[in-house]
Amino acid sequence: MYGIVDCNSFYASCERAFRPSLADQPIVVLSNNDGCVIARSREAKPYVKMGEVAFKNLEKFKRHGINVFSSNYALYGDMSSRVMDIIARHVDEIEVYSIDEAFFKLGNMSIDDAEALGRKIRKEIMQQLGLPVSVGIAASKALAKLANNIVKNFPEQTQDVYVIGTDVQRIKALKWTPTSDVWGIGRRFSYKLEQMRILKAYDFTLLSDDIVRSKFSVVGLRLKHDLEGKPTIGFEEVQDKYMIATTRSFPNVIPKLKALEERVATFASICAEKLRKQESECLGAYVFISSNRFGSDYVKIGGVVHFGFATSSSITITKEVLHKLREIYKKGYSYKKAGVVLLSIRPNASHQVRLFADEDPRHKLLMHTMDALNDKIGKGKIKLANQDVNSRWKMRQEHLSPQYTTKLNDIITVNCE
């Protein structure tokens with residue numbers, strides 16, 4: 001059997017876990033630089049749409065008593081890790097699907113035992129972390145996701161856990177679910193089914209295998225089998241990222257090259273750290289700068305630089321990226337955004353030393369030492385000289401909550417009097 005644990009309104013729930021007074025109050029979480037709404041609690045959904053620009057809706061937030069938070073990824077990431085640890089203690093295998101979702105696999109287990117396990121996992125997450133979750137369990141991943149969707153729509157009847165354990169339950173669930181709500185059916189897939197007048201998930205399973213394969217490829221056929229209760233979609237292996245990027249909008253426009261260099265150097269260094277963390281290296285990078293896209297003189301300039309050898313050195317990557325920045329920079333513009341994207345990423349285990357073109361071998365030891373020190377004394381404490389050591393460039397986070405679980409100064413103080 002397969003199951004899925006899905007944290008309810010995860011970002012908002014993380015904020016509530018440390019501020020119980022926010023229970024049942026509307027909450028929205030904003031994107032980087034407090035740009036737009038990226039998460040909403042159930043109470044906020046009637047008033048705010050996903051993606052709405054924050055500064056245009058300040059009056060609406062105030063009118064409806066909506067609590068606004070800047071995205072606190074340090075907190076959310078740590079809480080997510082704790083959720084996954086609790087799940088992993090109770091199941092045979094786990095696949096982290098996203099920051100707030102994880103599939104798990106169970107051995108041969110009765111329906112009652114599976115439901116009891118789901119409730120145990122849900123109870124532990126609530127007791128230890130204060131996070132509400134929904135649990136769906138079934139014979140396949142697609143059906144488990146469907147069971148979880150039923151929990152979302154009928155939380156009181158299911159008490160946040162539902163098992164599709166019989167064929168009668170499976171067919172009833174498929175007849176209730178629109179094809180557009182099925183996990184794995186995207187916009188184009190759904191449109192094709194609508195053209196065929198296939199509107200419910202059950203109707204999709206009635207199609208012959210040959211028709212599904214011809215119109216929706218082997219991916220659609222696997223989904224059909226999964227919905228029929230034949231587990232076909234297996235667990236995916238965790239893979240390293242094959243594109244690493246750091247892009248930011250600036251609080252104020254930057255007209256001068258020197259200030260841009262510091263920003264781009266920082267972005268390149270952040271990318272290199274991510275590269276080393278996943279034990280990879282790259283062969284090149286793309287750097288870009290752009291002015292305010294809402295201005296009359298909007299311009300976006302970019303360029304690709306090839307290193308000539310594979311590297312993960314912050315020194316090499318930053319040096320080459322800055323050289324390209326100086327080539328593409330144009331005077332007379334005020335720049336609002338910049339970014340660095342690493343290209344041709346590969347595992348560092350396959351590194352081939354080139355006889356006449358390779359970087360200084362001392363870089364590897366130096367980068368290892370820098371990373372170890374930053375892990376020990378604080379992220380960003382050790383920088384390259386082309387970064388401004390006296391300046392800490394921060395995103396606009398006017399509504400940022402404390403990092404309760406990852407920063408000693410932010411740990412909650414309990415009054416025991």
Side-chain angles (χ1 to χ4, degrees), residues 73-74 77-78 81 238-248 254 257-289 302-329 338-395 403 406-408:
Y73 293 119
D78 185 68
S81 178
V238 178
Q239 296 183 345
D240 292 333
K241 294 181 179 178
Y242 286 93
M243 189 185 81
I244 291 175
T246 301
T247 65
R248 295 285 188 274
I254 299 177
L257 176 60
K258 186 175 181 180
L260 277 176
E261 287 180 345
E262 193 282 325
R263 279 290 72 212
V264 170
T266 298
F267 297 165
S269 183
I270 292 172
C271 286
E273 289 176 19
K274 294 178 181 178
L275 195 64
R276 294 192 296 274
K277 188 173 183 179
Q278 70 173 36
E279 299 183 350
S280 299
E281 55 191 15
C282 68
L283 288 167
Y286 169 73
V287 58
F288 75 88
I289 50 177
V304 174
V305 55
H306 301 281
F307 303 145
F309 49 81
T311 180
S312 62
S313 168
S314 296
I315 297 173
T316 300
I317 294 173
T318 302
K319 177 182 175 182
E320 297 298 329
V321 164
L322 288 180
H323 180 71
K324 178 57 66 173
L325 173 65
R326 296 179 190 114
E327 287 183 5
I328 65 174
Y329 172 77
V340 175
V341 183
L342 301 186
L343 307 173
S344 301
I345 296 174
R346 59 181 64 179
N348 60 16
S350 61
H351 180 80
Q352 294 182 344
V353 178
R354 301 180 63 178
L355 183 59
F356 298 107
D358 210 351
E359 70 183 358
D360 190 328
R362 293 176 295 180
H363 283 203
K364 186 174 182 180
L365 180 58
L366 178 59
M367 293 300 104
H368 176 76
T369 303
M370 280 184 59
D371 292 341
L373 286 171
N374 280 326
D375 287 342
K376 184 176 181 179
I377 64 178
K379 186 176 181 180
K381 295 293 185 181
I382 307 298
K383 300 181 179 181
L384 299 181
N386 52 19
Q387 297 175 250
D388 188 347
V389 296
N390 296 316
S391 175
R392 291 188 61 84
W393 292 77
K394 294 183 178 180
M395 293 181 291
Q403 297 175 21
T406 60
K407 193 173 181 181
L408 285 173

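All figures in this text were calculated on a predicted structure; none of them were measured in a lab. We count residues from 1, following the sequence as given.
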Heavy-atom closest pair (Leu342 atom, Ala272 atom, distance to 0.1 Å) is CD1-N, 4.4 Å

Under 4.5 Å between any side-chain heavy atoms of Val340 and Ile244, yes or no? no

With a 4.5 Å limit on heavy-atom distance, are the side chains of Phe309 and Thr316 in contact? yes

With rounding to the nearest 0.5 angstrom, report the CG to OG distance, Leu384 to Ser269. 5.0 Å

Taking atom types as modelled, find out whether Arg276 and Ser313 have a side-chain donor-acceptor pair closer than 3.5 angstrom. no

Taking all non-hydrogen atoms of both residues, which atom of Ala338 and which atom of Ile289 are closest, and how far apart? CB-CG2, 3.9 Å

Taking the side chain as every heavy atom from C-beta outward, state whether Thr247 and Phe288 have any atom pair closer than 4.5 Å. yes

Heavy atoms only: give me the nearest Ala285-Leu343 pair and the separation to one decimal. C-CD1, 3.8 Å

How far does OG1 of Thr311 sit from CD of Glu320, to the nearest 0.5 angstrom? 9.5 Å

From Lys324 atom NZ to Lys319 atom NZ, the distance as rounded to the nearest 0.5 Å: 15.0 Å

Could you walk me through whether Leu366 and Ile315 pass the side chain to side chain contact (heavy atoms under 4.5 Å, CB included) check? CA-CA 10 Å; Leu366 178 59; Ile315 297 173; 3.6 Å; yes

Between CD on residue Gln278 and CG on residue Asn348, distance to nearest 0.5 Å: 9.5 Å

If the condition is side-chain contact (heavy atoms from CB on, under 4.5 Å), which residues does Ile270 pass it with, not counting sequence neighbours? Thr246, Thr266, Lys274

Partners meeting side-chain contact (heavy atoms from CB on, under 4.5 Å) with Leu257 (sequence neighbours left out): Glu261, Leu325, Arg326, Tyr329

Would you call Tyr286 and Val305 a side-chain contact if the rule is heavy atoms closer than 4.5 Å? no

What is the distance from atom CD1 of Ile317 to atom NE2 of His363, rounded to the nearest 0.5 Å? 11.0 Å

Heavy-atom side-chain contact between Ile254 and Arg263 under 4.5 Å: yes

Work out which heavy atom in Phe307 is nearest to a heavy atom in Cys282; give both atom names and the distance. CE1-SG, 3.5 Å

Candidate pair Ser312 and Leu275, rule side chain to side chain contact (heavy atoms under 4.5 Å, CB included), full reasoning: CA-CA 6 Å; Ser312 62; Leu275 195 64; 3.9 Å; yes

Not counting sequence neighbours, which residues clear side-chain hydrogen bond (donor to acceptor under 3.5 Å, both in side chains) with Thr318? List them please. none

